[in-house]
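Letters A, B, ... are given to chains in the order of the sequence lines, protein chains preceding strands, and every chain is numbered from 1.
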Number of protein chains: 2
Amino acid sequence: MAIAVKRALSLLELFTESASEIGLSDAARLSGHDKATVHRLLGTLREAELVEQDPHTKLYRIGPAVLRLARVREKSTPLLSVVQPLLDQITQETGETSHFSLYTGDALTVVASCTSSRPNHVALNKMEVLPMHATASGLAYLAYCKKELRDRALAQNLPSFTRWTVTEAEGIKQVLEDVRHSGFAIADKSYDDDSFGIAVPIFGAADGTAMGALAVAAPIYRMTEPVRAKIVELLRETSSELSRRMGFLIPATFG
Amino acid sequence: MAIAVKRALSLLELFTESASEIGLSDAARLSGHDKATVHRLLGTLREAELVEQDPHTKLYRIGPAVLRLARVREKSTPLLSVVQPLLDQITQETGETSHFSLYTGDALTVVASCTSSRPNHVALNKMEVLPMHATASGLAYLAYCKKELRDRALAQNLPSFTRWTVTEAEGIKQVLEDVRHSGFAIADKSYDDDSFGIAVPIFGAADGTAMGALAVAAPIYRMTEPVRAKIVELLRETSSELSRRMGFLIPATFG
DNA sequence: CTGTATGGTTTATAGTGTGAACCGATGGTT
DNA sequence: AACCATCGGTTCACACTATAAACCATACAG
């Protein structure tokens with residue numbers, strides 16, 4: 001049902017952060033539909049300004065209407081405005097950098113963060129893309145996302161960032177078991193030789209799966225056992241608080 | 001052409017910041033389509049997660065896919081990440097609310113803002129859509145947009161918001177002359193009895209016309225002559241900075 | 001020049017989307 | 001309790017829309 005609409009909307013999924021601009025032929029190939037069809041659908045999406053077309057290169061890209069919709073979404077389902085103060089508080093209490101990331105279709109992207117004010121701290125940029133298998137956030141997400149999504153992520157060729165990065169799917173699945181058991185994920189030098197990350201999943205999808213992760217990262221040497229314990233406790237509390245404030249669902253199997 | 005798709009996308013326009021959640025019947029009424037049709041289209045939009053449905057109230061609202069798209073858009077066309085810090089700076093230096101709006105097909109829409117922290121300030125809550133003829137942003141935009149667009153905007157029946165709102169097309173055209181002469185627009189009680197706005201156009205369209213506006217709004221009593229001068233200077237500087245950072249074009253006739 | 005890309009357009013035909021009418025549930029009103 | 005007006009959601013025959021193959025026009029490389 002609503003096949004044409006479904007096709008049009010599926011075209012939007014072709015636009016990713018790694019391929020943010022697409023030509024007509026590529027779109028037709030990738031979507032598997034006829035060029036004429038794709039052309040008309042993109043034309044309609046363009047009329048609604050959900051996509052726009054570069055007048056010179058003819059490439060299509062996501063359009064300005066999305067910005068308006070994002071604002072409306074933020075109104076009905078505040079996220080950034082709720083998360084930011086919580087991050088600020090975490091960083092204040094721990095002294096370490098905290099960040100919040102969301103799954104965006106092909107990766108986990110940092111959408112809000114609070115950077116530690118200490119001279120030596122873990123830095124990250126907004127919009128930074130986090131590898132699923134090597135970061136605490138990625139592991140926390142993988143442990144609680146849809147199975148198909150997890151399988152797809154692990155089926156890819158996983159790059160190694162340090163000598164401690166686990167890159168075999170089986171090894172990672174083992175780790176994810178531990179994550180599900182403890183309720184939080186850690187990344188001990190697996191992404192950066194000097195950093196240690198701790199993360200908890202954030203639930204929000206209607207089906208009770210994760211939508212992102214909340215994490216704290218610090219230089220290894222400061223991540224002593226008591227500090228770790230405190231961070232885990234804080235993340236847990238904050239996760240609950242977030243769920244409460246957002247009306248998120250937490251699966252009974254969690255916590 | 002692509003009627004079903006167009007209808008589906010037009011449903012997205014029903015969601016505004018003042019009505020961020022909509023029920024099926026309302027949506028059918030507002031869109032003018034049959035309930036069954038709207039139900040099916042919303043269902044399809046929901047599958048794509050462009051909208052989501054509250055499991056309890058059954059109301060529809062903008063979905064999480066929009067967040068992903070906004071991030072992709074931000075990748076191909078950075079805007080918010082460039083504009084937001086500039087707004088923050090303007091508000092910090094002036095102490096007043098600043099905002100950035102874009103033309104979105106039939107109106108000027110606020111896409112980013114920084115609200116003054118002073119006890120009494122101009123709020124943007126219900127201002128997601130700015131009337132062209134009564135706000136500083138609207139006038140700044142009208143003065144530098146495509147002629148046909150301006151004519152169409154002025155041909156409509158223009159509502160009056162205060163006793164100072166100019167609603168005759170000829171009077172407004174006069175005002176636009178002044179705007180083009182000075183390079184900035186003001187809205188002195190024309191939209192709100194207690195507010196004074198100052199705005200400059202932002203250029204970006206390939207043809208050298210405006211794409212939006214950058215503005216500062218403050219309570220009348222604080223908008224003294226020296227404050228106005230400072231704001232104008234700040235807006236001018238910021239506009240140039242924005243153009244530089246975004247690769248925007250500024251017409252030789254401006255500034 | 002030719003081969004192969006690109007973006008874009010046309011058209012008969014297959015099949016999808018439409019909307020009036022209907023259902024069951026909920027919540028006020030009398 | 002009966003009633004009425006909503007609500008969200010569903011059904012189905014018919015009408016009309018969307019489809020995809022074949023078609024341009026253009027651009028670039030060999």
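Rounding to whole angstrom units, CG of residue Asp54(A) and C1' of dG7(C) are separated by 13 Å. The interatomic distance linking His56(A) (NE2) with dT6(C) (C1') rounds to 14 Å, in whole Å. Taking atom CG of residue Asp26(A) and atom P of nucleotide dT4(C), one finds them 19 Å apart after rounding to whole Å. Between Arg46(A) atom CZ and dG7(C) atom C1' the separation is 11 Å, expressed in whole Å. When rounded to the nearest whole Å, the span between CD of Gln53(B) and P of dG8(D) equals 9 Å. Distance CG (Leu24(A)) to P (dG8(C)): 6 Å, rounded to an integer number of Å. To the nearest angstrom, C1' of dG7(C) lies 16 Å from CG of Leu41(A). One atom, CG of Leu11(A), and another, C1' of dT19(D), lie 14 Å apart when rounded to the nearest Å.
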Can you check nucleotides 28-30 of chain D for protein contacts, nitrogen or oxygen pairs under 3.5 Å, and list what you find?
none

List, with names and distances, any nitrogen or oxygen atoms from the protein found under 3.5 Å away from nitrogen or oxygen atoms belonging to nucleotides 20-25 of chain D.
{"from": "dA20(D)", "atom 1": "OP2", "to": "Thr37(A)", "atom 2": "OG1", "distance (Å)": "3.4"}

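Of the possible polar contacts, none joining the Ser239(A) side chain to the Leu235(A) backbone as a donor-acceptor pair under 3.5 Å is found. Looking at Glu74(B), its side chain does come within 3.5 Å of a backbone N or O of Leu79(B) through a donor-acceptor pair.
At a threshold of 4.5 Å between non-hydrogen side-chain atoms, the residues Ser20(B) and Ile62(B) do not count as touching.
Ring orientation note: the planes of Phe161(B) and Tyr191(B) are nearly perpendicular, at an angle over 60° on the 30°/60° scale.
In this model, the phosphate group of dG7(C) is not approached by any side-chain N or O of Arg29(A) to a distance below 4.0 Å at OP1 or OP2. The side chain of Tyr60(A) places no N or O atom within less than 4.0 Å of a non-bridging phosphate oxygen (OP1 or OP2) of dT6(C). Between His39(B) and dG8(D), a side-chain N or O to OP1/OP2 separation shorter than 4.0 Å is absent.
Where Ile22(A) and Val5(A) each meet DNA chain C at their nearest nucleotide, the meeting point lying more 5' is that of Ile22(A).
With sequence neighbours excluded, the residues forming a salt bridge (charged side-chain N to carboxylate O under 4.0 Å, His left out) with Glu241(B) are Arg244(B), Arg245(B), listed by chain and number. A search for salt bridge (charged side-chain N to carboxylate O under 4.0 Å, His left out) contacts involving Asp194(B) returns nothing, not counting sequence neighbours. With sequence neighbours excluded, no residue forms a salt bridge (charged side-chain N to carboxylate O under 4.0 Å, His left out) with Arg7(A).
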- Message: Show, in sequence, the C-alpha distance, side-chain angles and deciding distance for Glu52(B) and Arg46(B), and conclude whether the salt bridge (charged side-chain N to carboxylate O under 4.0 Å, His left out) test is met.
- Response: CA-CA 5 Å; Glu52(B) 65 183 7; Arg46(B) 188 183 49 200; over 6 Å; no
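Sorted by first and then second residue, the pairs that involve residues 28-39 of chain B and meet salt bridge (charged side-chain N to carboxylate O under 4.0 Å, His left out), not counting sequence neighbours, are Asp26(B)-Arg29(B).
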